[in-house]
Q: 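Okay, here's the structure, questions in a sec.
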There are 2 protein chains.
Amino acid sequence: MERNTSQRRAIQRVLQESARPMGPREILEAARRHIPGIGIATVYRTLKRAVEEGSLAQVDLPGEPPRYEMSGRNHHPYFRCRSCNRVFGARTGPKVPANLVPPGFQVEGHALYLYGLCSDCVPAAN
Amino acid sequence: MERNTSQRRAIQRVLQESARPMGPREILEAARRHIPGIGIATVYRTLKRAVEEGSLAQVDLPGEPPRYEMSGRNHHPYFRCRSCNRVFGARTGPKVPANLVPPGFQVEGHALYLYGLCSDCVPAAN
DNA sequence: ATCTCTGCAAATGTTTTGCATCAGC
DNA sequence: GCTGATGCAAAACATTTGCAGAGAT
């Protein structure tokens, strides 16, 4: 049976309090503020389990290592800031593309990513 | 000055003859059919250089290691077959999404990926 | 002859795994 | 007290790099 350890609570709390998906290293460092001794292997193991079990969602962007967020926050499309590299959920209706893919191909789904500047990084604003 | 070695010719030829972007390992194995002794380090070095120099394009899909193709073939969107995992260029007009991203954000670009079954993998067809 | 490129092996960075110990139940 | 979870260190992978020798110009 699944055990409720302080490490898992710490990781869950970190992601609960984060407004955006985070990477394993980032999660480790944040979790260490609650549990200084926590190890990276535990973070990886916990993330993997939580994704399989469905409580966390893995967020993959092209050319980027995976990030993680609470499921239910799973946004689509995601927006990546070219300045700070942080990733945010965007919540835009996907507007599915025309099926003008190669003949004989069957489209079942799609993913859309946006790039630009987040509000913190827009130059003459904010 | 840049040298025209048999290894580079082999790698270029492999990608020239390929209808889809390929990964480093895949490229190595294909190139070995022309030059048995070629090493993986040479493949990585050659790909990196060619991308910087612009003759090859790096194709990144979410959660996937990079693939490479001749530039000019750079398709967008890309289509990935969920059965054989191969990636194909799709050549669909992007139909840019509405700018309903979070307020204060500046969208500069986007990327779209399609998933489904390629013509080789569609069940009762072909 | 020069100087870049290559192959090998070692280094790096990231993720996974084995194992003895720890701690939740 | 069981048994799953943890931390550490080692292993596994993918990619990069140092270096001496090979090959292109």
Side-chain angles (χ1 to χ4, degrees), chain A residues 1-16 18 21-69 80 85-87, chain B residues 1-16 20-69 80 85-87:
Chain A
M1 181 233 166
E2 178 116 340
R3 287 178 187 177
N4 180 8
T5 65
S6 60
Q7 290 86 340
R8 288 183 185 177
R9 266 178 274 126
I11 291 171
Q12 150 130 355
R13 184 174 158 196
V14 163
L15 287 172
Q16 197 111 53
S18 171
M22 298 169 73
R25 197 100 234 153
E26 213 176 347
I27 294 171
L28 175 69
E29 270 143 36
R32 282 215 163 126
R33 272 181 253 118
H34 302 111
I35 306 195
I38 191 174
I40 187 69
T42 298
V43 172
Y44 277 107
R45 276 187 287 234
T46 303
L47 292 175
K48 187 174 205 182
R49 265 178 144 278
V51 168
E52 282 165 0
E53 163 209 303
S55 63
L56 291 186
Q58 180 171 332
V59 177
D60 287 321
L61 267 79
E64 298 274 310
R67 293 169 170 83
Y68 299 86
E69 70 179 358
R80 169 149 168 259
N85 284 336
R86 290 182 304 173
V87 168
Chain B
M1 182 232 166
E2 178 116 340
R3 286 179 189 180
N4 180 8
T5 66
S6 60
Q7 290 85 342
R8 290 185 183 172
R9 266 178 273 125
I11 292 173
Q12 149 129 354
R13 183 173 159 196
V14 163
L15 287 171
Q16 197 113 53
R20 54 184 182 76
M22 299 170 74
R25 196 102 235 152
E26 214 176 347
I27 294 170
L28 174 70
E29 271 143 37
R32 282 213 164 128
R33 273 181 255 119
H34 302 110
I35 307 198
I38 191 173
I40 187 68
T42 297
V43 172
Y44 278 109
R45 276 187 287 232
T46 302
L47 293 175
K48 187 173 205 182
R49 262 176 145 279
V51 168
E52 284 165 358
E53 163 209 303
S55 63
L56 291 185
Q58 179 170 333
V59 177
D60 287 321
L61 268 78
E64 298 275 310
R67 292 170 171 84
Y68 300 86
E69 70 179 359
R80 167 148 168 258
N85 285 336
R86 290 182 303 173
V87 168

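Order of the sequence lines sets the chain letters (A, B, ...), proteins ahead of strands, with each chain counted from 1.
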Q: In whole angstrom, what separates A:His34's NE2 from D:dT6's P?
A: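 For the pair A:His34 NE2 and D:dT6 P, the rounded distance is 16 Å.
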
Q: Given A:Ile38 and A:Ile11, is the side-chain contact (heavy atoms from CB on, under 4.5 Å) satisfied, shown in steps?
A: CA-CA 10 Å; A:Ile38 191 174; A:Ile11 291 171; 4.1 Å; yes

Q: Could you tell me the separation between the CD atom of A:Glu26 and the P atom of C:dG13, rounded to a whole number of Å?
A: 18 Å

Q: So, for B:Arg32 and B:Gly39, which heavy atoms are closest and what is the spacing to 0.1 Å?
A: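 Closest approach of B:Arg32 to B:Gly39: NH2-CA, 4.2 Å.
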
Q: Please name the pair of heavy atoms, one in A:Ile40 and one in A:Pro24, separated by the smallest distance, quoted to 0.1 Å.
A: CD1-O, 4.2 Å

Q: Tell me which of A:Arg25 and A:Ala41 sits closer to the 5' end of DNA chain C, going by the nucleotide each one is nearest to.
A: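 Closest to the 5' end, via its nearest nucleotide, is A:Arg25.
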
Q: Record whether the side chain of B:Arg45 comes under 3.5 Å of the base of D:dG18 through a donor-acceptor pair of N or O atoms.
A: yes

Q: How close or far is atom P of D:dT6 from atom CZ of A:Arg9, stated in whole angstroms?
A: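 Going from A:Arg9 (CZ) to D:dT6 (P), I get 11 Å.
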
Q: With nearest nucleotides of DNA chain D determined for B:Met1 and B:Tyr44 from heavy-atom distances, which residue corresponds to the more 5′ nucleotide?
A: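 Nearest nucleotide further toward 5': that of B:Tyr44.
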
Q: How long is the line joining CD of A:Glu2 and C1' of D:dA5, in whole Å?
A: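 Those two atoms, CD and C1', are 10 Å apart.
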
Q: How would you label the contact of B:Arg49 with the nucleic acid (heavy atoms, under 4.0 Å): base, sugar-phosphate, or nothing?
A: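 Answer is sugar-phosphate: B:Arg49 comes under 4.0 Å of backbone atoms only.
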
Q: Side-chain donor-acceptor contacts of residues 50-57 of chain A below 3.5 Å, not counting sequence neighbours, with atom names and distances?
A:
from    : atom 1 : to      : atom 2 : distance (Å)
A:Glu53 : OE2    : A:Ser55 : OG     : 3.2

Q: If you assign B:Ser6 and A:Ser6 each to the DNA chain D nucleotide with the nearest heavy atom, which residue ends up on the more 5' nucleotide?
A: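 By nearest-heavy-atom nucleotide position, the 5'-most residue is A:Ser6.
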
Q: Within less than 4.0 Å of OP1 or OP2 of D:dG7, is there a side-chain N or O belonging to A:Gln7?
A: yes

Q: Rounded to the Å, how far apart are A:Lys48 NZ and D:dG4 P?
A: 18 Å

Q: Tell me: CD1 of A:Ile40 to P of D:dA9, nearest whole Å?
A: 15 Å

Q: Which is more 5' along DNA chain C, the nucleotide nearest B:Arg3 or the one nearest B:Ile38? Just name the residue.
A: B:Arg3

Q: Could you give the CD1-to-P distance, from A:Ile35 to D:dA5, as a whole number of Å?
A: 15 Å

Q: Check for a donor-acceptor pair, side chain of A:Arg8 on one end and backbone N or O of A:Arg3 on the other, with a separation under 3.5 Å.
A: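 A pair under 3.5 Å: yes.
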
Q: Within this structure, what is the CD-to-P distance between A:Glu52 and C:dT16, rounded to whole angstrom?
A: 10 Å

Q: By nearest atom, which of the nucleotides C:dT16, C:dG24, D:dA24 is closest to the A:Thr5 side chain?
A: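 My answer, after comparing the listed nucleotides, is C:dG24.
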
